[in-house]
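Presented below is the structure to which this report refers.
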Amino acid sequence: MDTIRLSKSRISWKEIAAVVRVLRTGYLGMGKEVFLFEKELEKFFGRSVLCVNTGTSALQLSCQAIGLQSGDEVLVQSLTYVANYQAIAATGANPISCDINPETLGIDLDDAKSKLTDKTKAIMPVLIAGNPKGLNEVYKFAKENSLRIIEDASHAFGSKYKGRLVGSSGDITCISLDGIKNITSGEGGIIISDDQKIIESIRDLRLLGVKKDSEKRYAGKRSIDFDVVDQGWRYHMSDIMAAIGRVQLGKLPKLKNRRQLIARYYQNNIKLEYLLNPKLNFSQIVPHVFIIKMNSHEQRERLKTVFKKHSVEFGCHYKPNHLLTKFNDPELDYSELSNTMDHYLRAITIPLHPGLKISETKKIIQIINEI
Ligand SMILES: *Cc1c(COP(=O)(O)O)cnc(C)c1O
């Protein structure tokens, strides 16, 4: 029995040829290819874009660039990838665990409000499964409370919100381009913003804080006589990665259609009671994952057993971060994170990637509906 994969990158001879082309130039680091990828992404989003080596470093550099420091606080949903928490913590700031709205899986603003203090500097909304619903309310909340916003749109490359591309407006948007995301550059991440101070700062921070090093590297050169003022990192993207990313960006229409088609198929055929939000509009959303919620924890565990028997992979988005030793404050009881815990115990992520066959989807749907 062939395993039905949870997620998978879709690579063809085009990406392979692009990588070979870069390898043949003999220059593998950050150079012209990254420059061109950034230009193409800037055209796509209509704003400034910087490429880095992972989505996590995109988040970390954004946290550093807005000036987060030891003791500052950032409001973030506990139900997210540990990347968000580590990125915040890397600046010395504390991620403050908030509950989710059970339908959108976005941050619950009532809970966020109750956790505001004079140390709160930012809010980090995560567009779980590519769904941007509620983002306007996050912006309103942030404005009223003078907070910066770092959007994690790693699940949402290509998604639209009220007719506009996610990342084409707002404060700072970070997107991961790792191997299984809507588009990939192997590993990789991008930062999108109109704030030129942020962009200029991250441009240097990704290259060890060396001032104006990016321009030299785009031209195939390196800085010899330079100055450094801030803590920087080696977080830049390589030309090999950018070559893959450029091909993938060109394929977005196809990759996007395929994800949307499969998601609609699930939406139309999985029993309604298991759909988190039967009204999700998959002509606007490009879903990175498809999450369903069973009636009980026991039922979810039974589904896992049957999936295993039939070699169907499944996932968990996500283990709540407040349960992790590093981010669990023993002084707190976290009882207010009830939607988060209910989701964690009953939800399951089912396979979704552009290479998934309709026959495989049918099998998955049949298993779920029988349960
Ligand atoms: C993938 C992902 C990240 C991290 O991206 P990497 O490129 O893997 O570092 C961050 N947040 C979310 C929601 C993600 O899905």
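Just so it is clear, the model here is predicted, and its values are computed rather than measured. Read the numbers this way: they start at 1 and go in the same order the structure lists the ligands and their atoms.
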*Between Tyr85 and Phe327, what is the ring plane arrangement, given parallel below 30°, perpendicular above 60°, and tilted in between?*
perpendicular
Ligand 1 atoms nearer than 4.0 angstrom to some heavy atom of Asp178 are 1 (C), 6 (P), 7 (O), 8 (O)
Chi angles and distances behind the ring-ring contact (aromatic ring centres under 6.0 Å, His included) call for Phe157, Phe44:
CA-CA 11 Å; Phe157 198 108; Phe44 183 78; 5.5 Å; yes
- Using non-hydrogen atoms of the residue, decide whether Lys181 is closer than 4.0 angstrom to ligand 1. yes
Exercise. Check the pair Gln231 / Gln64 against side chain to side chain donor-acceptor pair (under 3.5 Å), numbers first and verdict last.
Key: CA-CA 9 Å; Gln231 169 70 60; Gln64 187 178 347; over 6 Å; no
- Query: Does Gly188 come within less than 4.0 angstrom of ligand 1, counting non-hydrogen atoms of the residue?
  - Reply: yes
among protein heavy atoms, the one nearest atom 9 (O) of ligand 1 is Thr56 OG1, 2.6 Å
Where do Ser283 and Asn281 land on the side chain to side chain donor-acceptor pair (under 3.5 Å) test, with the steps shown first? CA-CA 6 Å; Ser283 60; Asn281 180 354; 2.7 Å; yes
Within the 4.0 Å heavy-atom cut-off, what His288 brings close to ligand 1 is neither
Of Gly55, Ala58, Ala83, the residue with the heavy atom nearest atom 6 (P) of ligand 1 is Gly55
Rounding to 0.5 Å, atoms OG (Ser311) and CD (Glu360) come to a distance of 11.5 Å
Looking only at protein heavy atoms, what sits closest to atom 3 (C) of ligand 1 is Tyr81 CD2, 3.5 Å
- Task: State whether a side-chain donor-acceptor pair under 3.5 Å links His317 with Thr349.
- Result: yes
Can you confirm, on distance only, whether ligand 1 has an N/O atom lying under 3.5 Å from any N/O atom belonging to His155? yes
Looking only at protein heavy atoms, what sits closest to atom 13 (C) of ligand 1 is Asp152 OD2, 3.3 Å
Main-chain N/O of Ile107 paired with Gln77 side-chain donor or acceptor, under 3.5 Å: yes
If we number the atoms of ligand 1 from 1 as shown, the ones under 4.0 Å from a heavy atom of Thr54 are 7 (O), 9 (O)
